[in-house]
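Right, I'll just put the structure down here and ask away after.
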Amino acid sequence: MKVMIGAFVAALVIASLAPVVLSQFGWSSAEQAISESVRLD
Amino acid sequence: MNFKLLGAAVVALTVLAFSPAWAEEAPAVDRTATGGAQTLEDILRRQEQLKVDESFRSENLGDPARAAPMTDQLGTRGGVSDAEVWRSIRYNKIDPTVQSPGPANGVMIQDEGIAWYKLREGPVITYGGLALLGIVVLLVVFYFVRGKIMIDGGPAGTTIERFKAIERFGHWLLAGSFIALGLTGLITLMGRSFLIPVIGADAFAPLAAGSKWLHNNIAWAFMLGLVMTFVMWVTHNIPSKLDWQWIKAGGGIFTKSHPPAKKFNAGQKIIFWTVMLLGVSVSLSGLSLLFPFQMPMFADTFGLINSILGTSLPTDLAPHQEMQYANIWHSIVAFVMMVAIIAHIYIGTVGMEGAFDAMGNGQVDIEWARQHHDLWVAEVEARQGKGGSS
Ligand code: HEM
C-alpha cells in the first residue's frame, strides 16, 4: 500500500515538474501561434 | 523537363486519388453546358447534403500553359483568374505569405472542422459512453452469475512474493496516472454535454481548466509507467502454447477449474499487450495534440497503410486536419483501453479473492498462487531450492 501511495505522489510530482522542464527546453504553449512581431506585450 | 511524362503522372495520380470507394457515391456530372464550371445539379446536390465530387473545382487551379493569352478577355492576370485563386484558397492549395509564420497560419479555409466536431460531439461521446456503461453492466451481471472467484479451500496463511516494490511502483504509476487521465479526459470530452447543464458554466470552467492541466502533464507519468512495466514484464508475456490451452478452457472462469499458467496467464497477457500497444498509440497521438502542428503523424500513417493495404486514405492533410484525426483517434483508443482496464480493475479487486495483495503488498497467499499460477510457483520453489514462502 505504501508503494501505491508513493507512486500516486510520484505521478503528481512528475505532473508538476513537466511544465517547468518543458519551458526549460524552450517550449511554451503560448508561443505556439504568436511570433515576436505581432505579440502585443 | 519531360512534360508528357509529367502530365501522364499527374493524370495517373489524379485518377488514383479520386477513384476510391467514396467517390463512387458522387455521380459523374456533365458540365459541358457550363464549360466545366459548377452546374445547377452540383448546387442542388450540395443543398441536399449529398456527396459532390469537388475535383472539378479543387483541381482546376489555373494552369498558365492552358490559359487564355494575356491579351484575351479571360487572361487579364497572366493566365490565372481570380476564380482560380479563390479556389486555391478554398482547397488550401496556395502557400501564402503571412505576417506571423507558423505551421498552420497559412491555412485560410479548412472546413473539415465541422465533420470533426460532429463526430466528436456525436458518435464518439455516444458509443464511447455506451461502451463504458456496457462493460460496467456486464461486470455487474458477471458478478451476480459467477460470483467472486474464491480460493478453493480458503487461504493457506503462508505467502509468496509476487511483485517486488519497484514492479508495484511501476504498476501504480501507470494505474494512478491512467485513472487521472481517464477521468480528466472524460470531463474534457463530455463536460459540455453532461456537466454544464448540471453544475453550470461558471463551476465547469475551473474544472475544465484543472482537468486540462492535469491531463496534459500527468501524461508523462503514464508514459514512464508504461516503459517501466514493459521492461519489467515483457519476458513474462511472450505468448506460448500454454496460452492456447488456457483460452480453450476459458480460463476456467465458468467451469471453476484452474488451467495451468506461469507468471501471467493468457488473459493477463491480453491485458498486457492491450495496454502496451494501445498505450503507445494513445501516447503518440497525445503528444501530437500536446505540441500542436509540430508532430503531424496521420499523413505518414495513412501513406503507410495505403502502401500496405492498397487503400486510398487521404495523405494530403492540412495541419488542422492532422490535429482532428489525432483527436478522434486518441479518444477511440482511450475508450478501448478504459473498457479493458475496467474489467482488469474488477478482477484485481472485487472479482477475485486474494488478487489485490499481489499489487497491494506484493505477497500473495500460496494457495492462491498454486491455483492461478501453478507453474510459476513451481519455478519459484525450484529456484529457491525448497520452501513455499519467501
Ligand atoms: C484500481 C486500479 C487497478 C487495480 C486494483 C489493479 C490491480 C492489479 C493486480 C492485482 C495485478 C496483478 C495480477 C496478478 O497478480 O497476476 C495487476 C497487474 C497489471 N495491471 Fe493493474 N490494476 C489497476 C489498474 C491498472 C491500470 C490503469 C493499468 C494500465 C493502464 C494496469 C495494468 C496492469 C498490467 C499491464 C498488469 C500485468 C498484467 C496483468 O496482470 O493483467 N492496471 N493489476
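To find a chain, count down the sequence lines: A is the first, B the second, and so on, and within it residues start at 1.
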More than 12 heavy atoms from other groups under 6.0 Å of CZ on R90(B): yes

Segment of F222(B) engaging chain A (4.5 angstrom heavy-atom cut-off):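 F222(B) has no heavy atom closer than 4.5 Å to chain A.
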
Atom pair CH2 (W172(B)) and CD1 (I5(A)), whose distance is rounded to the nearest 0.5 Å: 9.5 Å

Atom pair CE (M1(A)) and CG (D357(B)), whose distance is rounded to the nearest 0.5 Å: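 That separation rounds to 9.5 Å.
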
Any F8(A) side-chain heavy atom under 4.5 Å of S177(B) side chain: no

Reported CD1-to-CD1 distance for the pair I14(A) and I218(B), which is rounded to 0.5 angstrom: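 If we round to the nearest 0.5 Å, I14(A):CD1 and I218(B):CD1 are 8.5 Å apart.
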
Heavy-atom pair with the smallest gap, counting every atom of F169(B) and A10(A): CZ-CB, 3.6 Å

Which atoms of L224(B) approach chain A - backbone, side chain, both or neither, heavy atom under 4.5 Å: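 Just the side chain, heavy atoms under 4.5 Å.
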
K164(B) NZ: over 12 foreign heavy atoms closer than 6.0 Å: no

Pairwise distance CG(N216(B)) to CG(L22(A)) - rounded to 0.5 angstrom: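 The CG atom of L22(A) is 10.0 Å from CG of N216(B), to the nearest 0.5 Å.
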
Residue W329(B) excluded, over 12 heavy atoms near CH2 under 6.0 Å: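 No - once you tally the heavy atoms of other residues, nucleotides and ligands closer than 6.0 Å, there are 12 at most.
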
S16(A) side chain reached by N217(B) side chain, heavy atoms, under 4.5 Å: no

L214(B) portion near chain A, given a 4.5 angstrom heavy-atom threshold: side chain

Over 12 foreign heavy atoms within 6.0 Å of CD1, I114(B):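 No, the 6.0 Å shell around CD1 holds no more than 12 heavy atoms from other groups.
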
Least distance between heavy atoms, A18(A) atom then W220(B) atom: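 Between these two residues, the closest heavy atoms are CB-CD1, 3.3 Å.
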
Crowding at NZ, K148(B) (>12 non-hydrogen neighbours, <6.0 Å): yes

